[in-house]
Amino acid sequence: MTILIIEDEKPLARALELSLNEAGFTTKVVFNGSDGIEAIEKNAFDLIICDLIMPKMDGFTVLAILKEMKIKSPIVVLSNLSQKDDEKYAKDFGAIDFFIKSNTPIETIVGRIQELLK
């Protein structure tokens with residue numbers, strides 16, 4: 001199972017990558033939304049993790065493009081945006097889960113991903 005991590009905070013991206021690899025997943029990490037879309041155009045992923053606030057292209061734009069592309073991979077959003085409207089908007093565009101980075105341990109995110117990809 002291959003997971004795409006679209007996250008501009010490099011320490012968090014690296015921690016997710018290590019934890020997911022340790023859990024048996026293959027990962028690809030990119031640091032902005034534009035590179036994320038490029039990766040999705042070139043490869044199929046079993047799951048996509050996407051931040052919302054990033055350089056070059058924000059996560060809401062990524063979600064809108066993925067919806068237009070009819071990407072069927074589950075999308076998990078990680079963000080420090082904590083407004084209910086942000087979560088609702090992300091889910092309206094196809095995200096199946098939404099985690100607030102500052103409130104969620106990486107183990108919780110990995111556990112949820114394991115559940116989703118069983």
Side-chain angles (χ1 to χ4, degrees):
M1 296 268 182
T2 304
I3 298 171
L4 175 63
I5 301 167
I6 309 171
E7 171 60 63
D8 67 320
E9 292 180 31
K10 291 182 180 173
L12 176 58
R14 183 75 177 131
L16 279 167
E17 178 183 34
L18 291 172
S19 295
L20 289 165
N21 289 346
E22 201 171 283
F25 298 104
T26 301
T27 54
K28 176 166 180 59
V29 178
V30 296
F31 301 109
N32 64 68
S34 182
D35 290 348
I37 293 298
E38 188 177 309
I40 291 162
E41 289 173 340
K42 293 179 180 176
N43 302 291
F45 294 95
D46 298 295
L47 185 131
I48 300 164
I49 299 171
C50 187
D51 187 10
L52 291 179
I53 306 299
M54 298 180 288
K56 294 190 182 178
M57 181 185 295
D58 67 48
F60 289 118
T61 303
V62 171
L63 292 173
I65 291 170
L66 295 180
K67 189 172 185 173
E68 280 179 26
M69 293 171 68
K70 297 182 179 6
I71 297 296
K72 300 293 184 210
S73 304
I75 304 164
V76 173
V77 169
L78 295 182
S79 182
N80 278 323
L81 297 177
S82 57
Q83 301 296 317
K84 283 290 178 196
D85 287 347
D86 296 319
E87 181 175 351
K88 180 188 179 316
Y89 191 62
K91 288 186 174 180
D92 286 348
F93 272 99
I96 60 167
D97 227 326
F98 188 101
F99 291 104
I100 298 169
K101 292 184 217 180
S102 58
N103 297 347
T104 310
I106 287 179
E107 300 79 36
T108 301
I109 297 165
V110 172
R112 179 66 176 135
I113 289 168
Q114 288 173 314
E115 287 174 19
L116 291 169
L117 294 179
K118 276 186 182 175

Please tabulate, for the side chains in residues 56-64, all donor-acceptor contacts under 3.5 angstrom to protein atoms that are two or more places apart in sequence or on a different chain.
from  : atom 1 : to    : atom 2 : distance (Å)
Asp58 : OD1    : Phe60 : N      : 2.9
Asp58 : OD1    : Thr61 : N      : 2.7
Asp58 : OD1    : Thr61 : OG1    : 3.1

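Atom CG of residue Leu66 and atom SG of residue Cys50 lie 7.0 Å apart, to the nearest 0.5 angstrom. Rounded to the nearest 0.5 angstrom, Ile106 CD1 and Glu17 CD are separated by 11.5 Å. Between Ile75 atom CD1 and Lys67 atom NZ the span is 10.0 Å, to the nearest 0.5 Å. For the atom pair Thr27 OG1 and Arg14 CZ, the distance stands at 8.5 Å (nearest 0.5 Å). Note that the CE atom of Met69 and the CD1 atom of Ile40 stand 6.5 Å from one another [nearest 0.5 Å]. Expressed to the nearest 0.5 Å, how far CD1 of Ile49 lies from CD of Glu7 amounts to 9.0 Å.
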Problem - Verdict with reasoning, Ile113 to Ile3, per side-chain contact (heavy atoms from CB on, under 4.5 Å) - result: CA-CA 9 Å; Ile113 289 168; Ile3 298 171; 3.6 Å; yes
Could you walk me through whether Met54 and Ile6 pass the side-chain contact (heavy atoms from CB on, under 4.5 Å) test, one step at a time?
CA-CA 9 Å; Met54 298 180 288; Ile6 309 171; 3.5 Å; yes
Run Ser73 and Leu47 through side-chain contact (heavy atoms from CB on, under 4.5 Å) and show every step you take. CA-CA 5 Å; Ser73 304; Leu47 185 131; 5.8 Å; no
Going through the distances and angles, do Leu16 and Leu78 end up as a side-chain contact (heavy atoms from CB on, under 4.5 Å)?
CA-CA 11 Å; Leu16 279 167; Leu78 295 182; 3.4 Å; yes
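Salt bridge annotation for Lys101-Glu9: present, with a cationic side-chain nitrogen under 4.0 angstrom from a carboxylate oxygen.
Cluster membership for Ile65 and Ile96, using ILVMFWY side-chain heavy atoms within less than 4.5 angstrom, is not shared.
Here the closest non-hydrogen pair linking Ser102 and Asn80 is N-OD1, 3.2 Å. A pairwise comparison of heavy atoms in Val77 and Ala90 identifies CG2-CB, 4.1 Å as the closest pair. Ala13 and Ile5 get closest at one heavy-atom pair: O-CD1, 4.2 Å. The two residues Thr108 and Phe99 have their closest heavy-atom pair at CG2-CE2, 4.3 Å. Minimum interatomic distance between Ser19 and Val110 (heavy atoms only, all atoms of both residues): CB-CG2, 3.7 Å. Of all heavy-atom pairs between Asn32 and Pro55, the closest is CB-O, 3.2 Å.
Counting non-hydrogen atoms of other residues, nucleotides and ligands closer than 6.0 Å to NZ of Lys91 gives a total above 12.
Inter-residue side-chain proximity for Phe45 and Met1 is flagged as unmet; no heavy-atom pair is nearer than 4.5 Å. In this structure, the side chains of Ile48 and Val76 stay at 4.5 Å or more apart for every pair of heavy atoms.
Put simply, the residue from Thr2, Thr26, Leu116 that forms a side chain to side chain contact (heavy atoms under 4.5 Å, CB included) with Asp46 is Thr2. Partner Asp35 forms a side chain to side chain contact (heavy atoms under 4.5 Å, CB included) with one of Val30, Val29, Leu4 and no other, that one being Val30.
A cation-pi geometry, defined here as NZ or CZ lying under 6.0 Å from the six-membered ring centre and within 45° of its normal, holds between Lys10 and Phe31.
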